[in-house]
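Taking it in order: structure first as structure tokens, then the write-up.
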Amino acid sequence: MRIALTKASPAELRTRPASGTPLGFGKIFSDHMFLMDYEEGKGWYHPRIEPYHPFSLDPATLVLHYGQEVFEGLKAYHWQNGEVYLFRPRMNYERLNRSARRLCIPEVNVDEALEATRQLVRLERDWVPSEPGTSLYIRPNVIATEAAVGVHVSGKYLFYIIVGPVGAYYPQGFNPVDIFITEKYTRAAVGGLGEAKTLANYAASLLAQREAQQLGYTQVLWLDAVERKYVEEVGTSNIFFYIGDELVTPSLTGTILPGITRDSVIHVARDWGLKVSERRISLEEVIAAIKHGTLKEVFGSGTAAVISPVGKLAYRGETYLVNNGKVGPLAKKLYDYLIGIQYGGVKDPYGWVERVC
Ligand SMILES: Cc1ncc(COP(=O)(O)O)c(C=O)c1O
């Protein structure tokens with residue numbers, strides 16, 4: 001695939017954050033973006049890198065009405081030796097294609113998408129921040145672009161990738177979060193979109209998230225949509241429970257996003273000799289383990305925070321402390337190890353990191 005390159009003119013260059021200013025998350029984007037079009041009968045065509053720019057869309061564009069869209073989220077890491085690396089990026093594009101199949105969106109060629117990502121990151125190398133814990137966030141997105149407001153599968157699509165520097169997730173240190181367990185709302189039902197990374201799942205989560213925040217909690221813990229009995233995810237992360245000598249994470253039943261960090265935690269924990277189970281886990285079991293003193297740790301896993309320890313769970317008016325509200329040793333060890341692999345401080349025995357430039 002030959003990617004056409006139009007470089008930003010000096011007037012099109014974007015303002016860079018002054019060194020030392022907090023980057024936050026997802027607010028700053030670099031000078032360039034990757035784009036590629038699709039038309040039925042023609043396939044994907046015209047791969048190109050252009051100056052970052054707003055889109056002009058017909059008001060009838062399908063994605064704006066029926067949400068036919070899939071996306072991904074991954075990061076490029078600046079190592080101390082000046083090199084830039086990606087972490088398991090192929091898994092992101094494989095997941096993008098699984099999400100695409102569920103949304104009737106044409107798949108992209110994984111090797112070409114990876115090459116587009118590498119070329120964009122290489123071009124934006126100066127945008128990869130180097131302060132500890134920072135990274136270049138990469139957001140691939142596929143949207144349905146046919147303009148026609150009847151509910152149907154679009155015949156046209158746009159695949160684009162934007163990138164921007166993001167700050168350290170834990171600038172004040174690695175601290176546990178308080179979680180509200182919602183029975184009122186659910187995120188996804190079997191047969192729905194839960195295992196796809198698509199905008200509807202995030203729209204479905206906003207009200208529950210807002211209500212939990214109004215009550216002073218950081219995130220929502222989602223239960224299954226049928227019985228409101230089994231644990232599914234926490235916020236936009238997968239979830240792990242360390243009970244006795246078993247590390248348990250909900251099995252992938254179609255309603256849960258198959259996280260790349262989740263997969264990495266399972267691999268690493270098994271290699272460390274831990275018993276790791278992917279199975280259904282009921283809230284009843286979790287609460288019983290808290291009462292019996294066998295619940296050692298709870299933590300979320302995801303690209304944004306890597307590991308986010310849970311300090312408190314609120315359910316039906318009761319609050320339950322996990323590990324006395326402190327970061328547990330397993331969460332800390334996994335966090336240090338995975339961050340170590342991503343930033344090059346720890347030797348990667350798995351071939352998970354890939355040098356870009
Ligand atoms: C709903 C949801 N679950 C889990 C995850 C964690 O997935 P990953 O580890 O691939 O970032 C994410 C983040 O992408 C998410 O949005």
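For clarity, every value in this text was computed on a predicted model and none was experimentally measured. Just follow the structure's listing: the first ligand is 1, and inside any ligand the first atom is 1. FYI, side chains are in, hydrogens and waters are out, and symmetry mates aren't considered; it's all heavy atoms of this structure.
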Can you work out which protein residues put a heavy atom within less than 4.0 Å of ligand 1?
Arg95, Arg187, Lys197, Tyr202, Glu233, Thr236, Ser237, Asn238, Leu257, Gly259, Ile260, Thr261, Ser301, Gly302, Thr303

Indicate, with yes or no, if the rings of Tyr85 and Tyr77 have centres closer together than 6.0 Å.
no

Distance-only donor-acceptor pairs under 3.5 Å for side chains of residues 66-76, two or more places apart:
residue: Tyr66; atom: OH; partner: Val149; partner atom: O; Å: 2.9
residue: Gln68; atom: OE1; partner: Ser154; partner atom: N; Å: 3.2
residue: Gln68; atom: NE2; partner: Leu103; partner atom: O; Å: 3.0
residue: Gln68; atom: NE2; partner: Cys104; partner atom: O; Å: 3.2
residue: Gln68; atom: NE2; partner: Tyr157; partner atom: OH; Å: 2.8
residue: Glu69; atom: OE1; partner: Leu199; partner atom: N; Å: 3.0
residue: Glu72; atom: OE1; partner: Asn92; partner atom: ND2; Å: 2.8
residue: Glu72; atom: OE1; partner: Arg95; partner atom: NE; Å: 3.4
residue: Glu72; atom: OE1; partner: Arg95; partner atom: NH2; Å: 2.8
residue: Glu72; atom: OE2; partner: Arg95; partner atom: NE; Å: 2.8
residue: Lys75; atom: NZ; partner: Thr303; partner atom: O; Å: 3.1
residue: Lys75; atom: NZ; partner: Ala304; partner atom: O; Å: 3.0

For Ser264, what residues pass the side-chain hydrogen bond (donor to acceptor under 3.5 Å, both in side chains) criterion, not counting sequence neighbours?
Arg88

Name each donor-acceptor pair under 3.5 Å that joins a side chain in residues 326-335 to protein atoms two or more places apart or in another chain, with its distance.
residue: Lys332; atom: NZ; partner: Asp336; partner atom: OD1; Å: 3.0
residue: Lys332; atom: NZ; partner: Asp336; partner atom: OD2; Å: 2.8

Please check if any side-chain donor atom of Ser251 sits under 3.5 Å from a side-chain acceptor atom of Glu278, or the reverse.
no

Could you state whether Val177 and Val234 fall into the same hydrophobic cluster, counting links through intermediate Ile, Leu, Val, Met, Phe, Trp or Tyr residues with side-chain heavy atoms under 4.5 angstrom apart?
yes

